[in-house]
Amino acid sequence: MSIINTGDIQKKAEQAIGACSGLARLEEIRIEYLGRQGLIAGLFAKIKELPGDERASFGSALNNLKKSLELLIEEKRGLLKKVEFDRRALDPSMPGVAVESGGIHILSKTIKEVCAIFTSMGFTVLEGPEIETEYNNFTGLNIPLEHPSRDAFDTFYLKPAIPFRAQARNQPPETSREKLLLRSHTSPVQIRAMKSLKPPLAVVVPGKVYRPDATDASHSFMFHQVEGFLVDENVRFSDLKGVLDAFVKRLFSSAGGEVRTRFRPHFFPFTEPSAEVDVSCIICKEHKKHCSVCGGKGWLEILGSGMIHPNVFRHVGYNHKKYSGFAFGMGIERIAMLKYRINDIRIFFENDLRFLKQF
Ligand code: DAH
């Protein structure tokens, strides 16, 4: 058989590739030359028919041809793809690609709304860490060790990185026994803020809190609170009432018609006196009958509050004779559930877009 000139094949292929203007045609060329039944495969099959001394050089020439064509086709494919992309990008008749835009989560929105009402009254927004010391979460807030009031704030404790006994050998006694936990309320930020700032002070603190509750329609092991406190000279209970009444009315102003507030005596270790704040039922508008949300009472509890306990002031080094103040705390999920008539807390955390998109 006559020796086949691989240079001629190369030239022909180059011409075909150069003239090709579409990806489909390029694929035809690739199959023609490089396919399993293609020209080059056919030539490889013929090697064994050649005289022994020509096989090696022909084989290597074929290999070079194969590699060179693969490269050329790959390059051309890249070029054609780009041309096709540019043409599409410029084609105003192509259907558009819908861009999905994200949204603000309903809980973030509610936190923002709550904080905005307070900042409009002169409060500042502060945040604190979710991992807290036992002191800030309890003792500093006048919730003593072994006191039953701690049970109300069931808590996730963290395992110490260094065993307490080992700590005790190396560290001063005040810090050696310091246990860490996931804060069970946002109130510990009162301690942090008052320790680092001087009165007058008006602060709101949004954030996540954790309690080892079994999850159901109204409980979640993680939820959000907004804490607030104001400290100055001559702060009175009537100031607390005025601020919280204005807040509740603005928060529920979209409920239609003016809502009412009610302050009910209560107990919190960190405030004295303490009160729970109720809002008139925004669902049944106090018509009460068969209202499943307020249970026919006409009122919904939404806030804990009170005058800051003198022991809290002592713990942060404030003069409790000179200064007084009020504090309050609320659950954000509860407020969002009431405002937007959501009956299951779990839905906030499932990230089902069909739910999230409604807000
Ligand atoms: N920390 C309380 C809780 O988690 C809420 C609370 C009640 C905060 C009264 C306060 C307050 O600052 O004065 O249930």
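Computation of the quantities below employed the complete heavy-atom set of this structure, encompassing side-chain atoms and omitting hydrogens, waters and symmetry-equivalent molecules. Read the numbers this way: they start at 1 and go in the same order the structure lists the ligands and their atoms. Residue indices begin at 1 and follow the sequence shown.
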Open item on the list: Checking the side chain of D239 only, and the main-chain atoms of R236 only, is there a donor and an acceptor separated by less than 3.5 Å?
Closed with: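 Confirmed, D239 side chain pairs with R236 backbone.
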Open item on the list: Under a 3.5 Å distance rule, please check whether T261 uses its side chain to pair with a backbone N or O of D245 as donor and acceptor.
Closed with: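 Absent.
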- [ ] Heavy-atom distances under 4.0 Å are what count here, so tell me which part of F229 touches ligand 1: side chain, backbone, both or neither.
- [x] neither
- [ ] Go through the structure and list residues passing salt bridge (Lys or Arg N to Asp or Glu O under 4.0 Å) with R354, not counting sequence neighbours.
- [x]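 Residues passing salt bridge (Lys or Arg N to Asp or Glu O under 4.0 Å) with R354: D352.
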Open item on the list: Take a 6.0 Å sphere around CG of N234 and say whether it holds more than 12 heavy atoms from other residues, nucleotides or ligands.
Closed with: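 Not more than 12 within 6.0 Å, no.
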State the atoms of ligand 1, each with its element, that fall below the 4.0 Å cut-off from a heavy-atom position in [X].
X	result
G306	13 (O)
Q225	3 (C), 4 (O)
S187	1 (N), 8 (C)

TODO: Ignoring hydrogens, just give me the one of R211, Q190, E227 whose non-hydrogen atom is nearest atom 4 (O) of ligand 1.
DONE: R211
TODO: Measure from NZ or CZ of K109 to the centre of the six-membered ring of F359 and say whether it is under 6.0 Å with the direction within 45° of the ring axis.
DONE: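 Verdict for F359: no cation-pi partner in K109.
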- [ ] Please say whether A327 places an N or O atom under 3.5 Å from an N or O atom belonging to ligand 1.
- [x] yes
Task: N or O contact, S184 vs ligand 1, cut-off under 3.5 Å - done: no
Under 3.5 Å, which donor-acceptor pairs link side chains of residues 195-205 to any protein atom two or more places apart or in another chain?
unit_1: S196; atom_1: OG; unit_2: R192; atom_2: O; d: 3.2
unit_1: S196; atom_1: OG; unit_2: A193; atom_2: O; d: 3.4

